[in-house]
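Structure first, then comments.
Quick note: numbers below take in every heavy atom, side chains included, and nothing from hydrogens, waters or symmetry partners.
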Amino acid sequence: EAFVFSFGKVKDDASPQVQFFPWSSVNECCMYADQQMFGMGGGEGRHAFLIQSDLLQGHSSPTPTFRNTILAANEEFVVRDIEVWSLEEVQ
């Protein structure tokens, strides 16, 4: 299972909010990576987010995978911080 989320203002005058988008099961385009980029979500030539190999430039679009909105303030963005988590079952 996978999910994407955003944290920020939904409206100009609103307090920051978390928006959570779980996997929709419409497709299996949850994660993608190659030598040039990595990202999550897909379908129709879009990614929920995609980070270029320089780790400085990104792109976000709505996707069927997560039924998400754009996850950043704009479709094109500059990466400020990256945080990666892995949740695993302890045996």
Side-chain angles (χ1 to χ4, degrees):
E1 300 244 354
F3 66 90
V4 295
F5 71 95
S6 67
F7 179 74
K9 293 184 178 184
V10 178
K11 298 178 183 174
D12 289 335
D13 59 343
S15 298
Q17 296 180 6
V18 173
Q19 290 185 286
F20 176 77
F21 303 98
W23 177 50
S24 69
S25 73
V26 169
N27 61 35
E28 295 181 3
C29 302
C30 291
M31 292 178 244
Y32 175 80
D34 65 18
Q35 296 291 330
Q36 303 300 317
M37 65 190 92
F38 70 90
M40 292 185 69
E44 303 168 3
R46 299 173 173 220
H47 295 87
F49 74 84
L50 183 129
I51 307 294
Q52 299 293 330
S53 62
D54 63 7
L55 302 179
L56 295 174
Q57 300 172 49
H59 182 86
S60 178
S61 298
T63 63
T65 307
F66 298 109
R67 294 189 177 124
N68 59 287
T69 59
I70 294 172
L71 302 174
N74 299 301
E75 284 193 23
E76 300 287 331
F77 59 89
V78 175
V79 176
R80 188 171 72 184
D81 294 302
I82 294 179
E83 188 171 332
V84 179
W85 294 14
S86 173
L87 305 176
E88 300 178 21
E89 186 176 334
V90 177
Q91 296 184 19

For atom CD of Glu44, is the number of surrounding heavy atoms from other residues, nucleotides or ligands below 6.0 Å larger than 12?
no
Is atom CD of Glu28 surrounded by more than 12 heavy atoms (other residues, nucleotides or ligands) closer than 6.0 Å?
no
Would you say the side chain of [Y] lies within less than 4.5 Å of the side chain of [X], judging by non-hydrogen atoms?
{"X": "Leu55", "Y": "Phe38", "answer": "yes"}
{"X": "Ser61", "Y": "Glu75", "answer": "yes"}
{"X": "Gln19", "Y": "Thr69", "answer": "yes"}

Please check if the side chain of Ser60 supplies one atom and the backbone of Phe49 the other of a donor-acceptor pair under 3.5 Å.
no
Under 3.5 Å, is there a donor-acceptor pair between the side chain of Asn68 and the main chain of Leu71?
no
Rounded distance (nearest 0.5 Å) linking atom [atom1] of [X] with atom [atom2] of [Y]:
{"X": "Ile51", "Y": "Met37", "atom1": "CD1", "atom2": "CE", "result": "11.5 Å"}
{"X": "Cys29", "Y": "Arg46", "atom1": "SG", "atom2": "CZ", "result": "13.5 Å"}
{"X": "Ile70", "Y": "Glu76", "atom1": "CD1", "atom2": "CD", "result": "10.0 Å"}
{"X": "Phe66", "Y": "Phe5", "atom1": "CZ", "atom2": "CZ", "result": "12.0 Å"}
{"X": "Gln36", "Y": "Gln52", "atom1": "CD", "atom2": "CD", "result": "8.0 Å"}

Shared hydrophobic cluster for [X] and [Y] (ILVMFWY, side-chain gaps under 4.5 Å):
{"X": "Leu50", "Y": "Val4", "value": "no"}
{"X": "Val79", "Y": "Met40", "value": "yes"}
{"X": "Ile82", "Y": "Met31", "value": "yes"}
{"X": "Val84", "Y": "Phe21", "value": "yes"}

Which pair of heavy atoms, one from [X] and one from [Y], lies closest together, and at what distance?
{"X": "Pro64", "Y": "Gly42", "result": "CD-O, 3.3 Å"}
{"X": "Val18", "Y": "Phe7", "result": "CG2-CD1, 3.4 Å"}
{"X": "His47", "Y": "Thr63", "result": "C-CG2, 3.3 Å"}

Centroid-centroid distance, Phe3 to Phe20, less than 6.0 Å:
yes
Does a donor on one side chain sit under 3.5 Å from an acceptor on the other, for Gln17 and Ser15?
no
